[in-house]
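To keep things clear, I will list the structure first and then write my remarks on it.
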Amino acid sequence: MRWTGRNPSNQRRHPRASGHRQYTIGRLRRYRHAGVGLVGSRHFRLSPPDGDLAQSHASIAAERISSGVVPIRSRAFSANCDYIFAIVPEHQSVEPRRVEAGMKAAIKDLSQHVGKEVTLEGWLYNRRDSGKIAFLVVRDGTGLCQCVVAKAPETEGFFDTARRLGQETAIRLTGMCRANEKQIGGHEVDVTALEVVGESQDYPITPKPHGIDFLFKNRHLHFRSRRQWHILRVRATVIDEIRSYFNRNGYTLIDTPIFAPAAGEGAQTLFEVDYFGEPVYMAQTGQLYVETACMAFGKVYCFGPTFRAEKSKTRRHLTEFWMVEPEIAYADLDTVVAVAEDFVHSIAQRVLRDHKEDLEFLGRDLSFLESIQKPFARITYDEAVDILHGDKARELLENDLTTKTARIEELNKAITEKEAESTAQGVKQWKKDKLIAEVAEHRDELADLEEEVKNIPHHMELAKNFKWGKDLGGSDETIISRLHERPCFVTHYPRDVKAFYMKKNETDDRLCNNFDLLAPQGYGEIIGGSQREDSYDELMAQINRHELDPADYAWYTDLRKYGSVPHGGFGLGVERTIAWLCGLKHIRETIPFPRMMGRFYP
RNA sequence: UCCCCGAUAGCUCAAUCGGUAGAGCGAGCGGCUGUUAACCGCUAGGUUGUAGGUUCGAGUCCUACUCGGGGAGCCA
């Protein structure tokens, strides 16, 4: 049986008859016809097929290849430049040492295993190899660890496999754990046994830059990446703190329906669903329902996804997002504001306590988060209007214009210089890559800045011409929040721009007892809340004024007939809160599978 | 609903005035025993979003559409 190499020169490098070694056939889907395969790292073609044995081997190879059984373990021997190639059934092949000796360890716990043998189960995050040493960066869901496979007698069974593993291959490995400050996670494992649990080829998300469209089309894989992993860990903690805050403070969880018969506040932004021939709506809020429950349990909260059909394509919007809504009986506006303040403070403290490393990875300034202390700022709507009309708002925007324009010039200069440098002769490739990456970053920043600078005059106009009685717009909120170091409550908005259920102010009936909480640094509104109208007559008047059908709200107005009490609550947007705490530019990174206008895959 | 920007190799992007579509990464092959988005050499990879138009000639100009990004309004 005679096998010839694809390239004659390769033949000479093939092992001699004196020794034999194990090879793995890989990349088989590209070689689905008989007699062609990849042995070790070389292509081989049967030429010509001679003898029954060869035929049989070739057909076994073809069958294995076409049935996609990978990897096929095989042995090759050489004799006088003829290659005798034998397919060894997989169960008879020389297996690497079984991975079972070491103690199973999570990467985050490796500090407890220094000097001991451990077994890691995870996925290959990245690989670098030299001729006789391979570095496998392994990800196990708890952290990253570089594992070293050196070419040595004890690694002979899997060294070649190790240095060819595709990104995200599922692997189980055993080795000695060492402390190594230089490495990611502070540890390193010298591999003595390695097992491929699940193959991975052509993983789409490489360790190079990708566009957001591509990444979110691959969202199901995307959150294996470090940045997303860090963010979603913070999300899990934020959600845990939300639940435990209310649970430890005497609130009862009440789940509210997602199919709702009528609008909470207005029908224009709801998703309509065909419910056995009747139109129902995806819940925009659970508030009206938790109001009923707070009359039964005193302090309650609901927590779940909520849906808005707003046709907004901005970095602050999702069509499906999570909101927590506490509701408290025997509470006025001040009480509710105090709860919101304590609640947000406790979320921030918890994240700061448990996620320093995640926040540092995300580049979040910890001192900023440490400064989120009580009391938060409190202003009224009237004061907000004065701020918008005042010198401070104007100066803020003028300063923005100056500093941002300066930064744009700086970036343009840097881009020109770096482009020139990267195309100059004699520049090393890695240096070029670095420069090109920096230029791309500058361009992103530049595009953002140009958009912002373009909008500044418009925002100045909006602020200057802001009329009492309007709701605060996005840019107005940004101005107010940026003029405060801490989160800022804005209370007592004009009733006419707010929802029908908000409590009329006792001393000025143009106002209602409501509040928004604006996160600093321009992150905008993360909470909206209010004291609720508890007077039956007043509520009915509001329902009529908003041209709502009283029949739809009969169950809700009943509350004001049977033992009505002052009460109130608020809704906190989970994703906006996470974006703020993590310092993210876009809300879509804060949820595992974002739903946005025009995007619902995967 | 309105305004601005974009769509070129699997990915990120080039392509001068309208004149033969390129690079890096990824993939495949070879080399390299301490790499850190490793590196070095070679190979393959294209209906330039779709449809039409102008032109001797269109990635480039024009029209419409589709999809994506950002913003306004609206909102958490």
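First the proteins, then the strands, lettered A, B, ... as listed; each starts at 1. These numbers were taken from a predicted model, which means no experiment stands behind them.
Between G18(B) and A9(B), the two P atoms lie 23 Å apart (nearest whole Å). Rounded to whole Å, the separation between the C1' atoms of A27(B) and A44(B) comes to 9 Å. Straight-line distance between the P atoms of G70(B) and C61(B): roughly 25 Å, to the nearest whole Å. Going from the P atom of C65(B) to that of G71(B) covers 24 Å, rounded to whole Å. Distance noted for atom C1' between G53(B) and U12(B): 32 Å (whole Å). To the nearest whole angstrom, the two C1' atoms, one in U50(B) and one in G59(B), are 15 Å apart. Rounded to a whole angstrom, the distance from the C1' atom of U20(B) to that of C56(B) is 16 Å. Only the C1' atoms considered, A37(B) is 12 Å distant from G26(B), to the nearest whole Å.
An aromatic stacking contact links F321(A) with the base of A76(B), defined here by ring centres under 5.5 Å apart and ring planes under 30° from parallel.
You'll find a donor-acceptor pair under 3.5 Å spanning the side chain of S312(A) and the base of C74(B), going by distance alone. Remark: the R128(A) side chain and the C32(B) base include no donor-acceptor N/O pair separated by less than 3.5 Å. If you check distances only, the side chain of Q201(A) never reaches the base of G28(B) with a donor-acceptor pair under 3.5 Å. One cannot find a donor-acceptor pair under 3.5 Å joining the base of G31(B) and the side-chain atoms of S130(A).
The interatomic distance linking R164(A) (CZ) with G28(B) (P) rounds to 9 Å, in whole Å. As a whole-Å value, the separation of K470(A) NZ from C75(B) C1' is 15 Å. Distance CD (E461(A)) to P (A72(B)): 16 Å, rounded to an integer number of Å. The separation between L136(A) atom CG and A38(B) atom C1' is 14 Å, rounded to whole Å. A straight line from OH of Y125(A) to C1' of A37(B) spans 9 Å, rounded to a whole angstrom. Whole-Å rounding puts the R316(A) CZ to G70(B) C1' distance at 11 Å. Remark: P of C25(B) and OH of Y203(A) are 21 Å apart, rounded to the nearest angstrom. Note: NE2 (H210(A)) to C1' (G10(B)) measures 10 Å, nearest angstrom.
A centroid separation of less than 6.0 Å is found between the aromatic rings of F223(A) and F593(A). Residues Y245(A) and F343(A) bring their aromatic ring centres within 6.0 Å.
Side-chain atoms of P487(A) and W580(A), non-hydrogen and from C-beta on, do get closer than 4.5 Å to each other.
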Got a list of protein N/O to nucleotides 64-68 of chain B N/O distances below 3.5 Å?
residue: G68(B); atom: OP1; partner: G598(A); partner atom: O; Å: 2.4
residue: G68(B); atom: O3'; partner: R599(A); partner atom: NH2; Å: 3.3

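In this pair, Y381(A) and Y493(A) present their aromatic rings tilted. The plane angle is within the 30 to 60° band.
Under the 3.5 Å distance criterion, with hydrogens and angles disregarded, a donor-acceptor pair is assigned to the side chains of T269(A) and Q284(A).
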request  = Any chance you could encode RNA chain B as dot-bracket? Rule is Watson-Crick or G-U wobble with both distances under 3.5 Å; [ ] for pairs crossing earlier ones, | for another strand.
outcome  = (((((((..((((.....[..)))).(((((.......))))).....(((((..]....))))))))))))....
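Residue K132(A) places at least one side-chain N or O under 4.0 Å from the OP1 or OP2 atom of U33(B). OP1 or OP2 of U1(B) sits under 4.0 Å from a side-chain N or O of K311(A).
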task = Determine, step by step, whether R482(A) and D400(A) satisfy the salt bridge (charged side-chain N to carboxylate O under 4.0 Å, His left out) criterion, reporting the C-alpha distance in whole Å, the side-chain angles of both residues, the deciding distance to 0.1 Å, and the verdict.
result = CA-CA 11 Å; R482(A) 287 187 51 210; D400(A) 268 9; 2.6 Å; yes
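Salt-bridge formation is detected for the pair E327(A)/R532(A): a Lys NZ or Arg NE/NH1/NH2 atom is positioned less than 4.0 Å from an Asp or Glu carboxylate oxygen.
Looking at the side chain of T206(A), the nearest of the listed nucleotides A38(B), G73(B), C25(B) is C25(B). When distances run from any side-chain atom of Q183(A) to the nucleotides A72(B), U35(B), G26(B), the shortest one goes to U35(B).
Rounding to the nearest 0.5 Å gives a distance of 12.5 Å between NE2 of H222(A) and CZ of R224(A). Interatomic distance, L333(A) CG to S530(A) OG, rounded to the nearest 0.5 Å: 8.0 Å.
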